[in-house]
Every structure is written in structure tokens, then in C-alpha cells.
Amino acid sequence: MSIKRSRSISDNLNASKKRKPTNYWALGLLDTMKDPESIVMEDNLVVIIKDKYPKAEYHYLILPKEDISNLKQVDKEHVSLLEHMHQVALDLSKDDSHKHKNFKIGYHAEPSMVRLHLHLISDDMISSCLKTKKHWNSYNSSFFIDSTDICKELAIEGVIKLPTSEVCKQLLNTALKCHKCDFVPKHMPNLKDHLSSHK
DNA sequence: GTTCTAGAAC
DNA sequence: GTTCTAGAAC
């Protein structure tokens, strides 16, 4: 009797965990963007924070204050918001602290973290947090979608077409190649060594 | 998203 | 034997 009852409670707990597998880590940006110490700049529409695990010397995230989870939730009513996010990113890229640095501005096709976020990242790609092929390809393949293209597509087509999950997987698995020259590295440590030659 | 680590690759 | 990557994480 007692055994039967305790099993039933345990089953219920397991069932509720399965129903809500809320990957707590995927919600981390929501806390970070409310933390005054993390905020680089903000206005009435957006917040800018530094990426917690920067994949280059400079790596920022521009997030809307409006509760938009990701690009799938974006429609043409958001054109001006996305254009504003782009402008704010562009302005920060031209800040005095970024003299002689080149930047990319874009979105991941399939982000892991909740709340729409635009990446502003310097193109050196030199960082101790850059470790895997997936990291590399998420900024150096068409998994990284230029903000200009997103804004244009949304303004003209009214919707954003994103690659399927299967295509994303392929993009992230693409063979390594230097983004600035024809060098084909053997593996990530090899690529990271090579990157310093472009400084 | 990261961390950890088994076993593949060298 | 060491380096590196890929997949589980209850």
C-alpha cells in the first residue's frame, strides 16, 4: 500500500518535470537585461548588454524591451523596432572605444536564448570563450543573418523566412574555414592560433 | 547557452 | 600518451 502510494507521487513529479522542462538557462537574458550593472546603454525601446561569453574582443547584444521571444514572433509591425535596434548597434560600433574595429551586426537563425537579441560583434573572433565549431559557424556561416537583410526582408516581404532546423544543424557543422582568408584549419585550436595572424 | 568527460583522432 | 570533439545534463 505505502509503496504503491509513494510511486504514484514520484510519477506525478516526473510527469510535471517532463511537462515543463523549462531550460532555466535559456531565460538568462531576461534577468541580465534588468541588471543595472550589465546594461551598457538603453533607451525607451531597447537595452544593450555585453555578451556574458563574448566570442570576440567586443561582443554586445541589443534586446527589445518588448516581450518578443525570437525572430519567429516578429512581423511587419516590428519593422521600425528592428531598424531601431540596427541603428543603435551601428552607433555603438562607431563609438570612440571601438576605433579601427570592424563589426558584424546580425541574428542567429536558431538562437538558444529567449528574448530577441541582435549581435554586435567585432570581426577579430579572438576570445577564450570561442571554443567549438558550432561557436565558429554560428558567426561565420549563413546561420548568422545580417541585420540589414532581416530588416529589408521584413519591410518588403512582411515576413522573415528562416532556415529549417535541419539546415541550421548542417550550417553549424560546416567544415572550418578562416573568415578572412583561404586558410582551412585542422581543428579549432589550429584556427584560433591562425586568427592572431590577421591582427 | 555552458560544463563535463568518454572515447575518437592523432 | 595526449589532444580534441561531441553529446548528456534527471
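Just so you know, these numbers use all the heavy atoms, side chains as well, and skip hydrogens, waters and symmetry mates. So you know, we letter chains A, B, ... as the sequences are listed, proteins then strands, and number each from 1.
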Give the rounded distance in Å between these two atoms: [atom1] of [X] and [atom2] of [N].
{"X": "A:K131", "N": "C:dG7", "atom1": "NZ", "atom2": "P", "result": "18 Å"}
{"X": "A:M113", "N": "B:dT2", "atom1": "CE", "atom2": "P", "result": "9 Å"}
{"X": "A:L191", "N": "C:dT3", "atom1": "CG", "atom2": "P", "result": "19 Å"}
{"X": "A:M33", "N": "B:dG1", "atom1": "CE", "atom2": "P", "result": "17 Å"}
{"X": "A:M188", "N": "C:dC4", "atom1": "CE", "atom2": "P", "result": "11 Å"}
{"X": "A:K192", "N": "C:dT5", "atom1": "NZ", "atom2": "C1'", "result": "15 Å"}
{"X": "A:L27", "N": "B:dG1", "atom1": "CG", "atom2": "C1'", "result": "11 Å"}
{"X": "A:W136", "N": "C:dC4", "atom1": "CH2", "atom2": "P", "result": "17 Å"}

Would you indicate, yes or no, if [N] has its OP1 or OP2 atom less than 4.0 angstrom from a side-chain nitrogen or oxygen of [X]?
{"X": "A:K55", "N": "B:dT2", "result": "yes"}
{"X": "A:H135", "N": "B:dT2", "result": "yes"}
{"X": "A:K134", "N": "B:dT2", "result": "no"}

For A:D91, is there an ion pair with A:K94 - N to carboxylate O distance below 4.0 angstrom? no
So which nucleotide does B:dG1 pair with, by the Watson-Crick or G-U wobble rule with both distances under 3.5 Å? none
For a quick check of understanding: with a heavy-atom distance under 4.0 Å over all strands, which category does [X] fall into, base, sugar-phosphate or nothing?
{"X": "A:P111", "result": "nothing"}
{"X": "A:K186", "result": "nothing"}
{"X": "A:K52", "result": "nothing"}

Of all heavy-atom pairs between A:L82 and A:I150, which one has the smallest distance, and what is that distance? CD2-CG2, 3.7 Å
Heavy-atom check, side chain of A:D43 versus side chain of A:H84, under 4.5 Å: yes
Quick one, A:I121 and A:Y58 - any side-chain contact, counting heavy atoms below 4.5 Å? no
Quick note, A:H108 side chain, CB onward, closest among B:dG1, C:dA6, B:dT3 is B:dG1
Any side-chain donor paired with an acceptor under 3.5 Å for A:K104 and A:N140? yes
